[in-house]
Amino acid sequence: MASPPPSSRQDHVFQAPTGTRDFYPAELNRLRYIQDAWRRTSISHGFDEIDGPTFEHLDLYTVKSGEGIVSELFSFERFGGEKKFALRPEFTPTLARMYASKAGSLPKPTKWFWMQNCFRAERPQRGRLREFCQWNCDIIGDDSAAADVEVLACCIGMFQALGLRSTDVRVRVNDRGVVAGILEQSGVKAERVGEALSLLDRRAKIDAPEFAKIATAIGLDVKRYDGALAAYVDVAPSYKRLRDDLNSAGIGDWVAWDFGIVRGLAYYTGMVFEVHEASSAERAIAGGGRYDKLIEMFGGPPTPAVGFGMGDVVLSLVLQDKGLMPSDDEIAGRLGLRPDVFVISNGTPEADAAVVPTLAGLRREGLHARRSYKSSKNIGKLLGDATKARARFALIIESGTAGQIKDLDENTQVKIELAHVAELLRSEK
RNA sequence: GUGGCUGUAGCUCAGUUGGUUAGAGCACGAGAUUGUGAUUCUCGGGGUCGCGGGUUCGAGUCCCGUCAGCCACCCCA
């Protein structure tokens, strides 16, 4: 049964749902600023943008993550329908599905990126919301270490584009295959390696006695494991190879090997990485790795893949922490949102009448033209409006045919025929 | 799912042991000052004090509940 409206009077205050955000112009521009860096970086690194549905069949998500995931999803069914759906909590299942269904005709490697919103039914807290924007970059069909490095290079290239330096964030890399090998040398049977990896992932969070207790139960000799790691770091071929490749890509000083990085997900098979603010000030900025079995899990041919995901929420916090989020004016400028011209009248009847046709003419020329909606004839106040609109020029109309064009950045002003304004402005763009 | 803190105008806040019609600054709008991004001045719109109960002659203020926000735990694809 549908419930009745709250009241016939308008006494109900509508609020945005928990964990969602309203983006007013300034906030949306800040998101666009980040998305702009994501998109530019992806494209310059050779990735093609893709997109899929905002919601999928529920079982697409339970295939990979199990039934336990359902409580973290926004799921629903159509009225009278039988199928269950869920808003996407991530993009990887959709990507795997999309790749699997056209695998035969796609090039190897296929390099795709994606940046849209995701939904997770979690309790919001710092750095985590119920709706957020995520950026994914994936290389599918290439099992080489070079592909791993290419993905890392794209991620790091984005940080550079936003003004972050190698001292601001730490990219910590590990290899699950290496760790699994050492675990087996340290007494863990092959079928319990997954459990052991999960334990290692939690190592920093639980206290030493509890860690030791679980380790013993799994058969892990912690002393041997730690010793083997220490010995391994200096000689590991995968480590050296990665180091060399990162150095030749010019990003060697961004990355550090860290055996503690395992990632909670079961499906990672090789290289894994996480990015944190250098002093661990926020939660993880990004994470990713190699997932060579996932495509076949979604019905495709056996296909190696490597990629990462990054959300806008933590990244924004880190940029703010570091003072790297530009001012609203600067962002508007970089996004190309500054009006080319702000049209005002000097208050005479002929000039007033010329405002609308002048605006229309400038817009027909493809220019970004704005006006004041104030009723004041005070030129100072109208110029104040032009400044607030961040306009590049102000056009003060003085008659039906002429006026003054003022460069608001340089504070210079010249007379001009209205017929020549568009030409001048185009030459200044 | 569990716990802590906080809710007064769009924003930042004031509001006396509970006592008239809830205030200020900023922002927004109108106007004055003979037409240049400033300053100053005048005026204005905007709140059922998050919401709902309770105590009281009387609640923004005290009590209970609830909702929301923030933060932490769980989890983190």
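Order of the sequence lines sets the chain letters (A, B, ...), proteins ahead of strands, with each chain counted from 1.
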Across the strands shown, which category fits [X] at heavy-atom distances under 4.0 angstrom: base, sugar-phosphate, nothing?
X: T387(A); answer: base
X: Y61(A); answer: nothing
X: G19(A); answer: sugar-phosphate
X: K406(A); answer: base
X: N136(A); answer: nothing
X: S71(A); answer: nothing
X: R120(A); answer: base
X: L382(A); answer: nothing

Atom-to-atom span, [atom1] of [X] to [atom2] of [N] - whole angstrom:
X: L317(A); N: C70(B); atom1: CG; atom2: P; answer: 11 Å
X: L383(A); N: G37(B); atom1: CG; atom2: C1'; answer: 6 Å
X: N378(A); N: U39(B); atom1: CG; atom2: P; answer: 12 Å
X: R126(A); N: C73(B); atom1: CZ; atom2: P; answer: 13 Å
X: R21(A); N: A68(B); atom1: CZ; atom2: P; answer: 18 Å
X: L129(A); N: C75(B); atom1: CG; atom2: C1'; answer: 16 Å
X: N346(A); N: U36(B); atom1: CG; atom2: P; answer: 12 Å
X: I69(A); N: C74(B); atom1: CD1; atom2: P; answer: 17 Å

Given the [atom1] atoms of [N] and [M], what is the spacing between them in whole Å?
N: C5(B); M: G46(B); atom1: C1'; value: 30 Å
N: C75(B); M: C13(B); atom1: P; value: 35 Å
N: G47(B); M: C28(B); atom1: C1'; value: 16 Å
N: C73(B); M: G15(B); atom1: C1'; value: 37 Å
N: G69(B); M: G50(B); atom1: P; value: 16 Å
N: G60(B); M: G18(B); atom1: C1'; value: 10 Å
N: G52(B); M: A68(B); atom1: C1'; value: 14 Å
N: U56(B); M: C63(B); atom1: C1'; value: 12 Å

Reading RNA chain B from 5' onward, which residue's closest nucleotide shows up sooner: S376(A) or P89(A)?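 Between the two, 5'-proximity favours S376(A).
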Quick one: is [N] close enough that its OP1 or OP2 comes under 4.0 Å of any side-chain N or O from [X]?
X: S375(A); N: G31(B); answer: yes
X: T18(A); N: G69(B); answer: yes
X: Q15(A); N: A68(B); answer: no
X: K388(A); N: C28(B); answer: yes

Would you call [X] and [Y] a salt bridge, taking side-chain N to carboxylate O under 4.0 Å as the test?
X: R39(A); Y: E49(A); result: yes
X: D407(A); Y: R392(A); result: yes
X: E77(A); Y: K83(A); result: no
X: D409(A); Y: R338(A); result: yes
X: R290(A); Y: D143(A); result: no
X: R263(A); Y: D201(A); result: no
X: D329(A); Y: R334(A); result: no
X: K111(A); Y: D48(A); result: no

Pairs under 3.5 angstrom, nitrogen or oxygen only, protein versus nucleotides 40-44 of chain B, please.
none

Any side-chain donor near an acceptor of the partner, D138(A) and Y291(A), under 3.5 Å: yes
Would the base of [N] count as contacting [X] through its side chain, where contact means a donor and an acceptor less than 3.5 Å apart?
X: Q413(A); N: U36(B); answer: yes
X: E398(A); N: G35(B); answer: yes
X: R283(A); N: C76(B); answer: yes

Intra- and interstrand pairs of RNA chain B - dot-bracket, Watson-Crick/G-U under 3.5 Å, | marks other strand: (((((((..((((.....[...)))).(((((.......))))).....(((((..]....))))))))))))....
Side chain of [X]: nearest nucleotide among [options]?
X: I396(A); options: C73(B), C76(B), U36(B); answer: U36(B)
X: K205(A); options: G35(B), A30(B), C76(B); answer: C76(B)
X: N411(A); options: G31(B), A30(B), G37(B); answer: G37(B)

Establish, yes or no, whether a centroid distance under 6.0 Å links the rings of W135(A) and F308(A).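 So the answer is yes for these two rings.
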Would a line drawn from the ring center of F85(A) to the ring center of F55(A) be shorter than 6.0 Å? yes
Might you confirm whether atom CZ of R40(A) has over 12 heavy atoms from other residues, nucleotides or ligands at distances under 6.0 Å?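 Count not over threshold, so no.
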Would you say that more than 12 heavy atoms from the other residues, nucleotides or ligands in this model lie under 6.0 Å from the CZ of R170(A), or not?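 Check fails, neighbour count at 12 or below.
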Please write out the pairs of protein N or O atoms and N or O atoms of nucleotides 2-7 of chain B separated by less than 3.5 Å, giving the distance to one decimal.
unit_1	atom_1	unit_2	atom_2	d
U2(B)	O4	R123(A)	NH1	2.7

Would you call I397(A) and N346(A) a side-chain contact if the rule is heavy atoms closer than 4.5 Å? no
Straight-line distance of T303(A) OG1 to D142(A) CG, nearest 0.5 Å: 11.5 Å
